[in-house]
Asks: 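Let me begin by handing over the structure; questions about it come next.
Proteins get letters first, then strands, A, B, ... in listed order; numbering begins at 1 in each. Keep in mind it's a predicted model, so treat the numbers as computed, not measured.
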Amino acid sequence: MINEILNKIKITIANILSEQGVKETSEVFFDIPKDPAFGDYSTNIAMRLAKILKKAPIVIANDIINKIDLTSHHLTKAEVAGGGFINFYIDKKYLSNVIFKILEEKEKFGNLTLGNHEKVLLEFVSANPTGYLHIGHGRGAAYGDSMARIMKKAGFDVTTEHYVNDAGNQIHNLIESIFARYKELYGKEFQLDDNSYHGKEIISIAQKIKTEKGEYYLTNPYYEYFRSVGLSYLLAGLKKDLQEFNVVFDDWFSEKSLYDNGEVEKVLARLKESGHTYVFEGATWLKTTAYTDEKDRVIIKSDGSLTYLAPDIAYHINKLNRGYTLLIDVLGADHHGYINRLKSAIYLYGGNPDAINIDILQMVRALKDGEELKMSKRSGKAITLRDLIDEVGSDALRFLYISKSLSTHMDLDLDLAIKNSNENPVYYVQYAYARINSLFRVFSENNQEFVPVKEFKVLDINETYNLVKVLLQYPAYIEEVATKRLPHKICQYALMLAGELHSYYNDHKIITENNEETNERLTLLKAVQTVLKDSLSLIGVGIKEKM
RNA sequence: GUCCUGGUAGCUCAGCUGGAUAGAGCAACGGCCUUCUAAGCCGUCGGUCGAAGGUUCGAAUCCUUUCCAGGACACCA
């Protein structure tokens with residue numbers, strides 16, 4: 001709606017400019033001015049063309065606005081201000097139609113075709129199944145899951161995937177740790193070292209095996225059985241934690257399957273055949289410097305075992321072979337050095353390295369009483385996601401995580417987060433939703449039936465305008481967030497809409513004797529409520545019917 | 001030493017493909033409930049945008065140098 005107007009203005013300006021001999025080198029951009037006194041939208045095109053046209057910006061700007069027909073562009077005013085800004089004032093009555101559009105489209109309002117059904121694989125968390133999720137995984141989970149929801153809304157075909165490292169060394173250590181605990185339960189001698197896992201969940205697994213199978217594995221091959229029981233136990237734990245955080249993955253992809261299917265072997269063979277490897281000091285190296293890496297990387301160690309890189313190449317090739325053209329990996333800052341390595345390897349294999357996008361999230365610190373909280377009572381190590389969900393709740397936690405951009409070194413103040421008050425911004429938004437809900441409740445308790453109107457007849461358009469303006473921006477926010485992957489802007493949007501709602505609520509009595517006016521106001525609020533709910537759902541935060 | 005992130009109000013953070021007087025929330029202070037939820041609204045206070053140069057009509061935003069903080073520089077994953 002707003003886009004149609006802006007595009008039309010854009011084309012008109014481009015036509016005016018081309019009459020003046022300007023080639024299509026500089027596109028017209030619109031900004032929403034900070035100060036409403038500068039109109040609804042403004043453009044700086046005249047200033048940017050001053051040099052090319054060798055004319056003062058104000059002259060150019062005036063030339064433009066004199067040639068724009070206001071009514072056919074749904075404008076009420078176009079003026080030149082400042083050093084040559086052109087400010088546009090759009091017909092408020094026309095814009096208020098967005099309300100009716102929202103009521104018609106409901107949660108589909110803001111859906112875009114931008115993604116054009118491109119197949120996207122969004123991989124995140126990918127925690128080792130050897131313990132609890134920690135505070136950093138929480139950030140990745142919140143980000144990845146939110147981006148999946150937002151990109152779907154923007155028209156991408158998104159699949160979310162959790163990679164399971166079930167083939168490497170740490171799984172071996174896990175199995176041996178369980179076995180040690182198993183022996184311990186029978187009073188046998190057992191050994192745990194620095195590589196072992198000491199969490200109490202390992203004891204639970206051993207106990208489970210003891211209960212179900214008794215002492216059988218003290219004297220029989222235990223390895224494969226312990227692997228499968230241990231993995232499924234720990235994976236179930238991960239899934240449960242994530243579910244409580246409102247994160248459900250489409251796929252859990254097994255690293256081991258890449259070995260079982262021979263995909264790792266195939267990748268190694270092809271890299272060797274194509275001459276991208278060489279042997280040095282007994283190890284096989286991959287010439288990743290042929291692309292952007294700063295040094296070559298070992299792919300087969302001198303003892304014959306593989307480095308992590310080998311299955312990871314196979315994994316990413318597998319993703320590409322499944323038809324995904326956009327791969328997004330969400331990784332912690334400690335994996336930064338890995339980006340070039342992986343992309344270079346994919347390039348050597350013949351895949352498209354530009355299809356791989358790695359979003360790096362900076363570290364999260366938990367603060368309590370102004371000091372960094374390092375220890376978790378639960379795991380004895382890092383603060384776990386469960387600790388946080390227990391303390392602050394999933395909704396508040398997701399909002400806190402998402403409201404900061406990924407590159408921010410984040411401080412999570414638990415004291416603030418726990419407070420069930422206006423200090424936690426999620427409640428501000430949920431409260432806005434609940435307030436509207438309560439209006440509809442009161443209305444229906446008075447035995448009145450809400451009939452959404454199709455047109456505003458008695459309501460002052462100016463009264464609705466601040467809300468309408470924010471509602472109109474929703475699709476533009478979706479577009480920006482989906483393409484630049486900045487989900488924190490969804491939080492900003494939700495806060496902005498909630499803020500306008502609270503102001504409106506305070507300024508106007510909604511339910512009055514005047515039935516017509518009441519219905520029109522409720523129609524407006526229904527639209528606000530719809531978008532509030534949808535924007536929260538995009539970041540995995542629920543609504544509250546009542547607070 | 002090299003590379004990646006940050007450094008913006010007392011605190012947590014937006015703004016960064018250059019644009020009009022630098023924003024929000026919290027904290028502090030002052031108002032607003034005989035009216036649909038005060039978890040709210042309205043207002044005040046608060047800034048040499050780490051520092052120094054440069055680019056130009058214009059720089060928090062771009063470039064260079066530099067200082068702080070976090071992270072990475074494996075035949076670990």
Side-chain angles (χ1 to χ4, degrees), chain A residues 29 31 33-35 37-38 42-44 47-48 50-51 56-57 81-85 87 126 128 130 165 167-170 195 255 280-285 294-295 297-309 311-312 332-341 360-363 365 367 370 400 403-413 416-417 419-432 434-443 445-446 484 486 488-489 491-492 495-496 498-499 501-512 518 521-522 544 546-547:
Chain A
F29 292 109
D31 281 316
K34 280 173 277 188
D35 189 336
F38 295 132
S42 72
T43 180
N44 62 356
M47 295 149 105
R48 288 171 36 224
K51 225 175 238 174
F85 286 100
N87 299 334
S126 294
N128 285 335
T130 51
N165 299 108
N169 244 332
Q170 72 275 30
N195 289 325
E255 178 188 4
F280 177 68
E281 290 181 344
T284 303
W285 296 68
E294 58 203 6
K295 57 173 286 200
R297 305 293 171 172
V298 170
I299 192 161
I300 306 174
K301 299 183 225 170
S302 50
D303 67 2
S305 64
L306 302 178
T307 63
Y308 182 76
L309 188 57
D312 220 30
D334 53 340
H335 285 71
H336 171 262
Y338 193 67
I339 300 175
N340 263 334
R341 204 179 307 180
I360 293 294
L361 57 97
Q362 293 298 325
M363 297 299 164
R365 292 193 306 169
L367 301 180
L400 281 173
S403 60
K404 277 109 187 157
S405 78
L406 257 209
S407 58
T408 298
H409 299 239
M410 181 176 170
D411 283 341
L412 201 71
D413 189 327
L416 276 188
K419 284 188 189 170
N420 219 19
S421 70
N422 48 12
E423 288 154 56
N424 200 323
V426 74
Y427 297 106
Y428 184 80
V429 182
Q430 289 179 325
Y431 184 48
R435 265 186 149 175
I436 298 175
N437 219 37
S438 125
L439 289 171
F440 281 99
R441 204 165 42 235
V442 169
F443 192 65
E445 276 164 10
N446 294 347
K484 297 184 184 168
L486 304 172
H488 67 275
K489 281 177 185 280
C491 289
Q492 288 175 13
L495 286 169
M496 181 166 65
L501 181 276
H502 287 307
S503 291
Y504 186 80
Y505 183 94
N506 224 262
D507 287 347
H508 304 282
K509 182 148 171 60
I510 312 297
I511 300 170
T512 62
T518 300
R521 287 208 170 110
L522 286 175
K544 289 194 166 79
K546 206 171 176 178
M547 284 176 79

Asks: By side-chain contact (heavy atoms from CB on, under 4.5 Å), which residues pair with A:N44, not counting sequence neighbours?
Replies: A:M47, A:R48, A:F85
Asks: Taking atom types as they are modelled, would you say the side chain of A:K484 forms a donor-acceptor pair with the base of B:U17 within the 3.5 Å cutoff?
Replies: yes
Asks: Do A:R365 and A:H409 have side-chain atoms, one donor and one acceptor, less than 3.5 Å apart?
Replies: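 No - no donor-acceptor pair under 3.5 Å links their side chains.
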Asks: With P as the reference atom in both, quote the distance from B:C26 to B:U21 in angstrom, rounded to an integer.
Replies: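 Taking atom P in both B:C26 and B:U21, they lie 27 Å apart.
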Asks: With hydrogens left out and only the distance checked, is there a donor-acceptor pair under 3.5 Å joining A:T307's side chain and the base of B:A74?
Replies: no
Asks: When all nucleic acid strands are considered with a 4.0 Å heavy-atom cut-off, which category describes A:A283: base, sugar-phosphate, or nothing?
Replies: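 A:A283: base contact, heavy atoms under 4.0 Å.
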Asks: With both distances under 3.5 angstrom, what nucleotide forms a Watson-Crick or G-U wobble pair with B:A24?
Replies: B:U12
Asks: With a 3.5 angstrom cut-off on both distances, give the Watson-Crick or G-U wobble partner of B:G43, or none if there isn't one.
Replies: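 When the pairing criteria are applied, B:C29 turns out to be the nucleotide that pairs with B:G43.
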Asks: When rounded to the nearest 0.5 angstrom, what is the spacing between CG in A:L439 and NZ in A:K509?
Replies: 9.0 Å
Asks: Is the base of B:C33 syn or anti, where syn means the angle lies within 90° of 0?
Replies: syn
Asks: Planes under 30° and centres closer than 5.5 Å, is that true for A:Y428 with the base of B:A39?
Replies: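 No.
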Asks: Measure from the side chain of A:S407, starting at C-beta and using heavy atoms only, and say which of B:G40, B:U5, B:C36 lies closest.
Replies: B:U5
Asks: Could you list the residues that satisfy side-chain contact (heavy atoms from CB on, under 4.5 Å) with A:T518, not counting sequence neighbours?
Replies: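 Expected list: A:F443, A:I511, A:T512, A:L522.
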Asks: Is any side-chain N or O of A:D31 under 3.5 Å from a base N or O of B:A20, one able to act as donor and the other as acceptor?
Replies: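 For A:D31, whose side chain was compared with the base of B:A20, there is no donor-acceptor pair (under 3.5 Å).
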Asks: Could you check whether A:H502 gets within reach of a base, just the sugar-phosphate, or nothing at all, counting any heavy atom under 4.0 Å?
Replies: sugar-phosphate
Asks: Looking at every strand, decide which applies to A:K546 at a 4.0 Å heavy-atom threshold: base, sugar-phosphate, or nothing.
Replies: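 Base, at least one base heavy atom under 4.0 Å.
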Asks: When rounded to the nearest Å, what value does the distance between P atoms of B:G18 and B:C33 take?
Replies: 48 Å
